[in-house]
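We use all heavy atoms of the structure for the numbers below, so side chains are in, but hydrogens, waters and symmetry mates are not. Not measured: the values here are computed from a predicted model.
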Amino acid sequence: MDLVTLDDIRAAAERIASGVVRTPLLPCPWADSGRPLWLKPETLQPIGAFKIRGAVNAIARLDEDARRRGVVAYSSGNHAQAVAYAAAQEGIAAHIVMPRSTPRIKIDNTRSYGAEVVLCGDGQRERVAYEIVAERGAVLVPPFDHPDIIAGQGTIGLEIAEDLPDVDVVLVPVSGGGLASGIASAVTALRPDAKVIGIEPELAADTRESLRSGSLVDWSIEDRNRTIADGLRSQPSELTFAHLSVHLHDLVTVTEDEIRSAMAVLARKGRLVAEPSGAVALAAYLYHAAELPTGRTVAVVSGGNVDPALLSDVLSRSLDEE
């Protein structure tokens, strides 16, 4: 299986430069002085999450015939918004399939970019998306299972290596694996001594089990849906698993309480609003130091599209615990 290369990622960076934000590395003076920490805030992207990188790259590579037929995507939220946004920028029709359980803010945001949103039951989004592709002749833009998506997400790793050349550790959320595959491919190519660590919720730790066993392990959608981190409920594909197996140094899991606590820390100390999926990397840094390599660490804050009621609850509980 051909893996995405550093040249692929560099080409993607040139392709998407005008359509995405080159997010900064934010130093964290409040972090452990023995393990300097920087945050990579993908919350600052136009759609509030890293997914815009892969979507813009994939859509930029479509030919004119494909553009006329439109695009289809399936997603629990951030990829949906990314494809809707990128398609709107190019004047391309977009049909987005989303589970009914998706947070309302993500559904509303996707519609706000002009996409046609099709709601479905949990575990049905891929089937419904392929039905639309067949009916309308549209082009599928998958959330992670495509080299163009992986290369687009890998531009984050490119930026980390350029902005912090002596980086030792990069903590990356893992779900379908497109983000971790891209970042790990870029970082390990440019900084061979750096360690890229994937982070998963304990309640959706299928990737850790798969890496431990050496082959993909299936977890039911019911099991994966237990986690508050709705953006981390997907499972790797053969393509992303191949990348993770080669480039990921290790994988650490975090609890639901740790995710909530990290969201509060990001809001109060980092001045960043993060959704649960976006907070898992910091949760690992804060609560699993013994499982992580030491040194200059970057935690990727992958998204900030959080339900306001959930954020309010998280912040209120953190106040009560002080």
Side-chain angles (χ1 to χ4, degrees), residues 9 12-13 20-28 31 35-45 47-54 78-79 82 143-144 149-164 167-188 190-191 194-201 207 229 231-232 234 240 243-244 247-254 258-259 262-263 265-266 270-288 292-293 295-306:
I9 296 170
V20 306
V21 174
R22 192 187 199 285
T23 55
L25 287 183
L26 304 178
C28 302
R35 293 186 301 132
L37 176 68
W38 287 260
L39 301 176
K40 181 67 166 168
E42 288 297 293
T43 55
L44 303 181
Q45 294 294 349
I47 59 99
F50 76 94
K51 289 283 191 177
I52 190 174
R53 295 173 182 263
N78 286 332
H79 180 64
F144 51 84
I149 300 294
I150 294 172
Q153 321 306 22
T155 59
I156 297 173
L158 204 64
E159 293 171 11
I160 291 172
E162 290 172 353
D163 292 348
L164 190 65
V167 63
D168 295 305
V169 184
V170 181
L171 307 178
V172 188
V174 175
S175 181
L179 176 64
S181 293
I183 290 178
S185 297
V187 171
T188 55
L190 292 168
R191 305 289 178 258
K195 303 296 189 292
V196 182
I197 312 295
I199 314 298
E200 274 187 315
T207 305
L232 302 182
S234 294
T240 56
H243 285 79
L244 299 178
H247 296 302
L248 207 61
H249 178 74
D250 199 1
L251 201 147
V252 171
T253 62
V254 294
E258 290 165 353
I259 294 170
M263 289 174 65
V265 171
L266 282 168
R271 278 75 174 178
L272 294 172
V273 172
E275 60 192 272
S277 305
V280 297
L282 181 62
Y285 174 90
L286 292 173
Y287 303 109
H288 295 266
L292 299 174
R296 293 168 292 275
T297 301
V298 173
V300 177
V301 185
S302 56
N305 294 310
V306 59

Does some side-chain heavy atom of [Y] sit less than 4.5 Å from a side-chain heavy atom of [X]?
| X | Y | answer |
| --- | --- | --- |
| T297 | D168 | no |
| V174 | V280 | no |
| L171 | L292 | yes |
| V301 | L282 | no |
| L251 | I199 | no |
| S234 | P143 | no |
| M263 | P276 | yes |
| Q45 | F50 | no |

Tell me whether R22 is salt-bridged to E162, with the criterion being a basic N under 4.0 Å from an acidic carboxylate O. yes
Of I183, I197, T188, which meets side chain to side chain contact (heavy atoms under 4.5 Å, CB included) against V170? I183
Can a donor-acceptor pair be found, under 3.5 Å and without considering hydrogens, that links the side chain of S181 to the backbone of T240? yes
Within the distance-only criterion (no hydrogens, no angle test), does the side chain of T23 pair as donor or acceptor with the backbone N or O of K40 below 3.5 angstrom? no
Step-by-step side chain to side chain contact (heavy atoms under 4.5 Å, CB included) determination, H79 to F144: CA-CA 9 Å; H79 180 64; F144 51 84; over 6 Å; no
Under 3.5 Å, is there a donor-acceptor pair between the [X] and [Y] side chains?
| X | Y | result |
| --- | --- | --- |
| T207 | E200 | yes |
| S302 | E42 | no |
| R53 | T155 | yes |

Test V298 against V169 for side chain to side chain contact (heavy atoms under 4.5 Å, CB included), laying out the working first. CA-CA 6 Å; V298 173; V169 184; over 6 Å; no
Let's go through H243 and I150 carefully: what are the C-alpha distance in whole Å and the side-chain angles of both, what is the deciding distance for side chain to side chain contact (heavy atoms under 4.5 Å, CB included) to 0.1 Å, and is it a yes or a no? CA-CA 10 Å; H243 285 79; I150 294 172; 3.9 Å; yes
Which side-chain hydrogen bond (donor to acceptor under 3.5 Å, both in side chains) pairs, counting each pair once, include a residue from residues 274-285, with sequence neighbours left out? N78-E275, K106-E275
